[in-house]
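Scope of the values below: all heavy atoms of this structure, side chains included, with no hydrogens, waters or symmetry mates.
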Amino acid sequence: MGEFSSTVIHLFNTKREAAEQGGLLSGKDPTDIDPADPIRLWIIQLGIIIATASLLSILLRKLRQPKVIAEVLGGILLGRIPGFTEHIFPTDSRPFLSLTANIGLCLFLFLVGLEIDSTVIRKNARLSATVALAGMILPFGIGVGLSVPLYKQFISESIKFTHFMLFAGVAFSITAFPVLCRILTELKLLDTTVGIVVLSAGVGNDIIGWVLLALSVALVNAGSGVTAVYILLACVGWTLFLLFVVKYALLWLARKSGSGAFVTGIIVPREGNLAIALTEKLEDMVAIIFLPLYFTLSGLSTNLGLLNDGITWAYTIAIIFTAFVGKFGGCSLAAKYVAGFNWRESGAIGSLMSCKGLVELIVLNVGLSAGILTQRVFSMFVLEALILTFMTTPLVVRFYPPHVRRRVSAVGATFGSVADDESRKVDRKSQAINANLKRRFTVVLDKLEHLPGAMAISQLFKPSFPATRLNRKSFETQGLSRPPQSPSALSIEALRLIELSDRTSAVMKSSVADSLLRTDPFLAVFKMFGQLNALPITPAIAIVPYDDLSYTVAEHAGNHDADMIMLPWLPPSVTPPTGNTAAAPSAGIQEGQASSSQPVTPKATTMTNPFDLLFKTSTNSAVAEKPSSSIHSQFVRGVFAQARTDVALFVDQSTDVGVGLGPDLDGSGGETQHLFLPFFGGPDDRLALDFVVQVCENEEVQATVVRIVKREVEVPVPLSAHLNPEPKGLEETTVLTVASGFPDTVYGQFSTATRMQSETADNITWARYASPAAENRPPALSRIEFKELATPVPLHAGIREAEGCRRPGVRLVVVAGRGRRMAVENHAKELKDVMAEYGSVRSEVKKTIGDVATAFVVAGCAEGVVVLQEANFGKE
């Protein structure tokens, strides 16, 4: 019994301690190297490497330089800090970094293989083959020639000259295909003749370069010539096995399920976008973690301090000069005298093909690890790769500025092209003939949440009856001057916008844009919507950087002679008002006028968790939509600012309308649409009036148009009050000041005569539609009710009139002019009152759609709001 008690007491007295993890809290240095536990120091090294590379890439991005330069420069800087380098990157820790970097290198080579599409070579083999061969043979020969003095001066005799000669030739002749793709993307050259030739030649150059590198490694590792032959035969056999056995197995897998690193990447089938799907899964991990590790290690191995004498610098300059001359000269001369390009295009091709970047650094690291290159020669070649890569973008911009670029035409031979300035010519004469008639539309499809809005605004132009019933005799007997809209007369181009980032998968998508036209789900859904509604849909796709999205939309619409750009938008949710939310929304309106208004149900307030903004876990749409909607509003304002054609923005509020005001679902009748237009005057409101009249050509659409004038009256003015046709003086006109912000529409100052002309145009347009001659009255006007109203609170009056148009089974859409140019009234003060009663929105909403449309958005009295801006062409 005593022995048992002693054992129990011993167990309680024994201290159980976990193994010491090291760190600041335990009083130990977390950066100490421990071969048994290297992960702690590895994490610290990784964080420092990624932070340094990211910071440098932000700075170099302003110079339009690729990220690889930042990664190598980061390694050079981290390797030259006294005390810091030895402590954070000790020699004993580098094998662990090297192991991780080599894993990343294998994954990167797999991604390079995925990025290479053999169909690009086959399509453009005739022109690109000569450029690729000239870009390999001449630089390889120059590299072999320069390797003789380099070997005698810097390389030990224990290294065979043939091995060093091969590595020098490969380093001179290689082209960095991944970096080349990103430079072409950044400079928007992928759809130019130069870009296509360079892309195709770069693919061939890359494949030959990797084969030569494999040959060099085989010769270095082989103990004899027989062993080298055996290694090469084994590589050939493995390649054939991948190309003919594994490739078809993967092809079968891709068709059934939809789902050697470099060669393995090449043989992955392109059917079903399998290569793009694999790239999207891997590229972030490789680009963010593994590649910075690999190239920072290259920088750590680069010791520019070894370039410490004149002879070394002389050879370094010779390497840089000869490498550039060989690559630039060979490719430029082949492009000029064989492919038939002009000197500017040939110079751009030579500059692009001289890009070194990632691939040469990989070749140099292989040579350094094999002992063929000394650290001094390695540093000389790294400096050459950085300088040539840095020179690429400035040289291309110099040789091939935007105004001389030639883009591939949509028809004709592969390299039939049209100059940029020629593609922008628009037939303004044909537009002037039917200035009020819109038949060619460009609908922008960018995000899934905007797809319903794109359908809603397109459906406004849905034909009221099939085209087979149209004939000139029938519509002439009805008093129409032209046929109602039909699928043959209407043209809707669905422009699919995809943001082009620096991700490899985005670049791959841009190279297969033609196949995306057939497989993109957005376009497929929208085309089916068009078929079901008898709307002719023509798909188009544009893959461009975010900063160029709005410019691309404006340019595309101009190039394709569109009459109107149609944009969908889902704005941020309205923030409920504070205080007495049950106050009458028509406060300030005369009692007699307010008697016909409908009661407004106050909107419920919602509580938000402040941590939702930090962790982005909220399901509250008001919280989740703010960042994306704010960013998208800048895109919309950019289109408004840059477009030289009419623009219509559909603000989708279909989820905010009250219960019972939607479509009639009891089967008693089909859904009809009712448009409401508050007409204040100005070019945008005149366009809105033309828009309403055209949409009402459809027999299922009716409209109410109210011309509202702000007038300080003591007695309520009846709805049938007649407006004074006399144009107002300048002193009664308030110019709406454009709020600051970027991007936005900026207009010049207008003279008194210009304003008088605009007000006269308002009166003429109103009279043409509201009081037409009986013999010239088209049927569309019979479905429109015109009213005139004078009130001291025009926004409240307009909201009250719109609410009076709401009926069960009728879809109400408010149409308003943007009113940010030559606006008749300044509604800023009254808008504050409206938002105090109904709720407020962020400032970018007012900047984007104007005060009038904002008032209707916050009131939530319709399923949608269409905001129109007249073309800026010739107006500024």
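Taking CG of L364 as the start and CD of E384 as the end, the distance is 7.5 Å to the nearest 0.5 Å. The distance from atom OG1 of T312 to atom CG of L307, rounded to the nearest 0.5 Å, is 6.5 Å. Expressed to the nearest 0.5 Å, how far CG of L297 lies from CZ of R94 amounts to 7.5 Å. Note that CD of E157 is 11.0 Å distant from NZ of K152, once rounded to the nearest 0.5 Å. Here the OG atom belonging to S147 is positioned 10.0 Å from the CD1 atom belonging to I155, to the nearest 0.5 angstrom. Separating the OG atom in S354 from the CG atom in L395 is a distance of 6.5 Å, to the nearest 0.5 Å.
Side chains of L73 and L60 form a contact here, defined as non-hydrogen atoms less than 4.5 Å apart. With contacts defined as side-chain heavy-atom distances shorter than 4.5 Å, the pair F172/L146 qualifies. By the 4.5 Å heavy-atom criterion applied to side chains, W313 and D309 are not counted as neighbours. Within the 4.5 Å cutoff, side-chain heavy atoms of V194 are placed close to those of L352. Y294 is not listed as a side-chain neighbour of L361, based on a closest heavy-atom distance of 4.5 Å or more. Counting only heavy atoms from C-beta outward, the side chains of P401 and R344 approach each other to under 4.5 Å. F164 is listed as a side-chain neighbour of L150, based on a closest heavy-atom distance under 4.5 Å. The side-chain heavy atoms of I349 and Y400, taken from C-beta on, include no pair separated by under 4.5 Å.
Using modelled atom types, no side-chain atom of E71 and backbone atom of L293 make a donor-acceptor pair closer than 3.5 Å. Within the 3.5 Å criterion, the main-chain N or O of P95 finds no donor-acceptor partner in the side chain of S98. When atom types are taken as modelled, the side chain of T175 and the backbone of M353 share a donor-acceptor pair closer than 3.5 angstrom. At distances below 3.5 Å, not a single donor-acceptor pair connects side-chain atoms of S351 with backbone N or O atoms of V396. Judged by distance alone, the side chain of S93 and the main-chain N or O of P90 form a donor-acceptor pair under 3.5 Å. No donor-acceptor distance shorter than 3.5 angstrom exists from the side chain of S156 to the backbone of I159, with no hydrogens or angles considered.
Between the side chains of R376 and N303, no donor-acceptor pair is found at a separation under 3.5 Å. Side-chain contact of W42 with T100: a donor-acceptor pair under 3.5 Å is present, judged by distance alone. Between the side chains of S332 and S346, no donor-acceptor pair is found at a separation under 3.5 Å. Side-chain atoms of T393 and Q65 form no donor-acceptor pair, as typed in the model, at a separation below 3.5 Å.
In terms of heavy-atom proximity, G329 sits nearest to L138 at C-CD2, 4.4 Å.
Remark: aromatic rings of F154 and F378 are distant, center separation not under 6.0 Å.
The aromatic rings of F328 and F399 sit tilted relative to each other, their planes meeting at an angle between 30° and 60°. Using cut-offs of 30° and 60° on the angle between ring planes, the pair Y151 and F161 is perpendicular.
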